[in-house]
Each structure stands twice: as C-alpha cells, then as structure tokens.
Amino acid sequence: MLTLDVQSRRGKFSLDVHADWQGGMLGVTGPSGCGKTTLLHILAGLIRPASGRLTLNDRVLFDGIGRVFIPPHRRSVAVAFQDDRLWPTRSVRGNLLYGYQRTPKARRRLNPEQVIDWLELEPLLDRRVTHLSGGEKRRISLGRALLMSPELLLLDEPTRGLDSRMCDRVLSLIGRSIAAAKMPTIMVSHHLEHLLRLTDQLLMMKSGRVVSHGAAHTTNFTMNRLPLMVQAHDPQAGMMTLAPQRPSGLDPSMLHAVFNPELAVGEAVVALLPSDQIVLATDPVQTMSMQNRLPGRIVKLIEQGESITCLIDAGMTLSATITRQARQNFDVREGMSIWCLFKASALDVYADDLVGFDTSAADASLIVDESGAM
Amino acid sequence: MLGNGLLSPAEWEAVSLSLQVAMGCVAVTLIPGIALGWILARKKFKGRMIIDAAVQLPMVMPPVLVGYLLIVLLGREGIIGRWLEAWFGVRIAFTMWAAVIASAAVSLPLMVRGVRLAIESVDIRLEEASRVCGASPWDVFFSVTLPGAWPGILMGSLLAFARSLGEFGATIMFAGNIAGETRTVPLALFRAMQTPGGESGVTRLAIAAIVLSVLAVVASEWLNRRSLAKREVG
C-alpha cells in the first residue's frame, strides 16, 4: 500500500501529487512533460521531494517535516527505466543478476531461471549488452527489476521505441511476469491502450498534478476496458463470440469480435473499445451491418468540453462519447433505455495476461476523482 | 644480462632505478588520484575550486620549486620531516623514497586529470540504476563507476609513469643525485654531462631515455585506441 503526498520543484516545473493506492497494478498516463517520470523517480528515491510524505506498506520513505529520506538502495523499489540503463561493462547475465545478488535471500521470491525463461533470455546470457536490440534490452531491464522481488515495481514507458510486434510481446511478458510474481506495479505510459491492456486502474496527470484517478470507465478516459473470455470461434464467419469472465447482466452470446486463431476458446481476454466507436440508438436497428447490439440504461452524463460521455449500464459499464448536437437531437437523458451499437472490429482483443493477479483490490480507494472533473 | 655490453653497470642501475621509481610513483599516486578524481568529477561542494587548483598547481609550478617545497615539508629540518625523524627515526630526504615522492608530487595532477575525465565519462544514470538495484554508494563505485572508468584510470597511470621517467627538477632538489639511490636516467645524464670525458655515457643514456619514452608513448597510444574502440562499440 502506497500513500503519496509530495511536492517537488525543478526550475519552472512543479509537481504536487496526492494519491493513495492499495496495490495491484496502476497505470499512470498523461501528456509529455506532465511529471510521470519525475513521479517514478521520487518513488524510487532518485529525486528528493521538497516537501510532503511518502509511505510504502506502512514504512515511511520520505517525510519532509520529520526529515526522513530513505536512500534508493534501502527502498526495495525496482525500476525498469525507459532508457534501460544497462551496464556496458557487464554481460547480460551480470546485468540481470545485479539486483538479485543484492537482495537478501529471505526476500527473494523469484528464481533467475524462471525469469530468464519467461523473458526468453537464455540465448543472450553470455553476450554483452552493447549489441542487443531495443526489445532485448527492454526485456533484460525488466528482468533485472523483477529479480529484485521488490515491494513496488516501477515500469517507465516499457513499450517506448518498440515496433508493434515487439510492443505486443513486451506487454504480454510484463503481464505474465507480474501476474506470476504478484508484485504491486506502477506502469507509466502515454499509450492509454497499452496501459488498459494490463489494468483498469489509472492515474492521469497533467502539468505535475493528478487530473483523475480511478477505474478507467469512471474517469474521463475515452476507452472501455472489458474483461471477457472467448466463448466460441466461428472461423467461417470470421468472428468469435465473447462472454463476461464473471457472471454479469451481460448476455453471454451478444458480443462479437473479429476472429483471432491465437486466442483459444475459454481463454481470458481483455477487449478495448474506444468510447467514440459506440453508436447510441433507441432501438436495435437490424438493418445495419454492426454485429454488436447491447441493450442498456444511461446511468450518468458527464460533460467534457465539446463532448458528452454517457456512462451506460449494459450488464457491464460502458462509456460512450457523443457530441452536444447529438445529445440535443436525440434528447439523451439519464435513466433512459438505450441500445449500444458497435462493429465487431471496434473491439481490440488481447489475451488477459494478468489473470490471477489481483488488480481489483485497488477499486475501493481508487474510484475517487481528485480533480472533481466528474 | 642481455644488454650488459650496451650500458655500463652504473647506467643499468640508473635505468632500473628509473623504472622502480616510476612504478613506485604510480603505486603512491593511484589511490589518492582515484579519490581526488572521483571527488572532482562527482561531488559538488564549496571549496571544490580550491582543491581543483591545488591539485593542478604542481603541473604549472617549476619542478625545482616543488622540490624545494618538499624539502620545507619533509626535509630533515622540515615541518613534517623533523617530526618523522624524532618520533620514528625515519628520514625521507635524499633516499629513493624521496625520488618516488618527488615524482609523485609532479605526476599526481596527470593522474587526477586522467581519472577525473574517465569518471566523468561514466553515465551518472548507470550509477542511479545501480542504486535502485540495491547498491550502496561504495558498492556503486566498485561495481559500476570503477569498471566503467578503468581504461581512463589506466591511461592516467601511464601518464604518471611517463612523467616520472622524465622527472628531474624536483628530484634533484629533494632527493639529490646519489648513485644507486636516487640517480635515475635523467640525473645520470646530467651527471655524465658534467663529467669530463662523459660524452659516450651521455649518448648511451640518451638512447636509453628515448627508448623508455617511446615505449611509454606507444603503450599509452595503444590503450587510448583500445578504450576509444570500446566506447564506439558501446
């Protein structure tokens, strides 16, 4: 558990962050220069805040008034840096095991063979790090951090500079490793869809402040993250049917996505659905090619600048964005029954690598909007 | 010995003494050089400029003056020397140790400069990464900084070694020109010049000095290229 109330100033940039976090996985996002990396460096002890207080699992890491500052090497907070920071004087093995060797035996929860196997690093072990590709370096940096069995794992833009195939792979490896190691993790990325593949819990920053903090669908994020499973394949139709992972009000046979042979029937998946891809209708227009038609009820309308976000209870909570014009023409009101329509291809479906990792523990404290924007 | 015919026994003695003094000089300056180089490269504090200037001073002062200051400090009547002799019966001036210390005093700036540049070239972010991985500041120094700076430290040592081979002024002031004790190649050469009929000795010693210098330069160039090649790879 992390409690955070820190202020820091560097030249013209000032950071002031308050947040509580119960554990699981937290995604941090925001525009470039919003202080995401600064926040991680404060957590790791590489930047000493000007004032405030920081505690991790009831241990005070920083207290401006009590003049407490635990230096980075005594924090048990591991970082996979966005620039990797591997030591050119060491082999891949030397880099991977550096933190492991400095972790007391009693605290080690992962063994190196396991991590090397997960990250598929076996063939690289005796090489020098200087000639490796970006994806390889990223995996080593991740492995080095995991092997410390830290109380808190920080991932800074783990997909930066990777092509889409390698990015997919690295995200999947992160998900699998974290789920297996059950390590509280904070991941920074400015790709919302990368964060949402792994977690629903988001903290959004802007100009050094927390703008919103909570589950993706309750904050002003523009993407739905649906925990689902593959129910049936229909390769002939080029489709697959998805159902909720846990029993819910959503009818199991109603969700359709583009067929992907790599996702087996019964496999847990995460489907990402951009809020602006949902069309609202008063009846399930059968004369359209859209494959997904979900009945629901509008729970809440949130004004956000030019657009309006509708929170809809369709068995699962969905957020749909419409324009002011659409709201007027259509007379959208809270409490009204509505149909949500979207194409099968609007659902981006990935294997849910975090199955078994308890990310929901965070919900209670996180569904608090610090900015009051809602 | 192979070269017995080339140099006289006394001249061989000078060559061997030169090498011993130069090695002693590196041994004496290595640790303080690394410490000072690290402080100057990594630490920000008041009075840093003063340390920086004090370290560089012997490089720009006349070596004879360095030798004179060493006498004032460590000579038999010197501030520290008197005390050393009274309490421990140790005499430094006019011994081989004096030659080593004189060399060390004029070589230290070169050593510090080499170490400092080498440590500055080690990316501070790599040191941060090692802190985060659980390494204490000492651990960071020995596991990341030192291995990264090693080629530069070797360069600094070689420069100090070469400087010591050529040292004359401070040595003749503080250590004198004592055969078998402090008479290194440059001092032997000076002595031969002053001796009537010593011209052949001068020639032989000059050749010996040139050979030693060339070897030192070649070695430093080789090291330099190797570390450059490594950096390019990195």
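Protein chains get the first letters and strands the later ones, always in sequence-line order, with residue 1 at the start of each. For the numbers below, each heavy atom of this structure counts, side chains included, while hydrogens, waters and symmetry mates do not. Given the structure is predicted, the values throughout are model-derived calculations rather than measurements.
- Proximity to chain B at a heavy-atom threshold of 4.5 Å picks out Arg144(A), Met148(A) from residues 134-148 of chain A, in numerical order.
- Around CZ of Arg74(A), the count of heavy atoms belonging to other residues, nucleotides or ligands within 6.0 Å does not exceed 12.
- From Arg125(B), atom CZ reaches atom CZ of Phe81(A) across 10.0 Å, with rounding to the nearest 0.5 Å.
- Taking non-hydrogen atoms and a 4.5 Å limit, the residue list of residues 90-104 of chain A in contact with chain B, ordered by number, reads Arg90(A), Tyr98(A), Gly99(A), Arg102(A).
- Considering only heavy-atom pairs separated by less than 4.5 Å from chain A, the leading option among Asp123(B), Val140(B), Asp139(B) is Asp139(B).
- Enclosure of atom CH2 in Trp97(B) is not indicated, since only 12 or fewer non-hydrogen atoms of other residues, nucleotides or ligands lie within 6.0 angstrom.
- Counting heavy-atom neighbours within 6.0 Å of Arg160(A) CZ, excluding the residue itself, gives a total of 12 or less.
- Considering only residues two or more places apart in sequence or on other chains, His73(A) meets the side chain to side chain donor-acceptor pair (under 3.5 Å) condition with Arg131(B).
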Anything under 3.5 Å between a donor and an acceptor, one on a side chain of residues 28-38 of chain B, the other on a protein residue two or more places apart or in another chain? List them.
residue: Thr29(B); atom: OG1; partner: Cys25(B); partner atom: O; Å: 2.8
residue: Thr29(B); atom: OG1; partner: Val26(B); partner atom: O; Å: 3.4

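- Of the atoms belonging to Leu154(A), not a single heavy atom falls under 4.5 Å from chain B.
- The parts of Arg85(A) that come within reach of chain B are both its backbone and its side chain, each placing non-hydrogen atoms under 4.5 angstrom from that chain.
- Remark: side-chain polar atoms of Trp87(A) are paired, donor with acceptor, to backbone N or O of Leu126(B) under 3.5 angstrom.
- The shortest heavy-atom contact between Val132(B) and Val77(A) is CG1-O, 3.4 Å.
- Heavy-atom distances place no part of Asp84(A) under 4.5 Å from chain B, backbone and side chain included.
- By the 6.0 Å contact criterion, CZ on Phe141(B) is enclosed, its count of non-hydrogen atoms from other residues, nucleotides or ligands being greater than 12.
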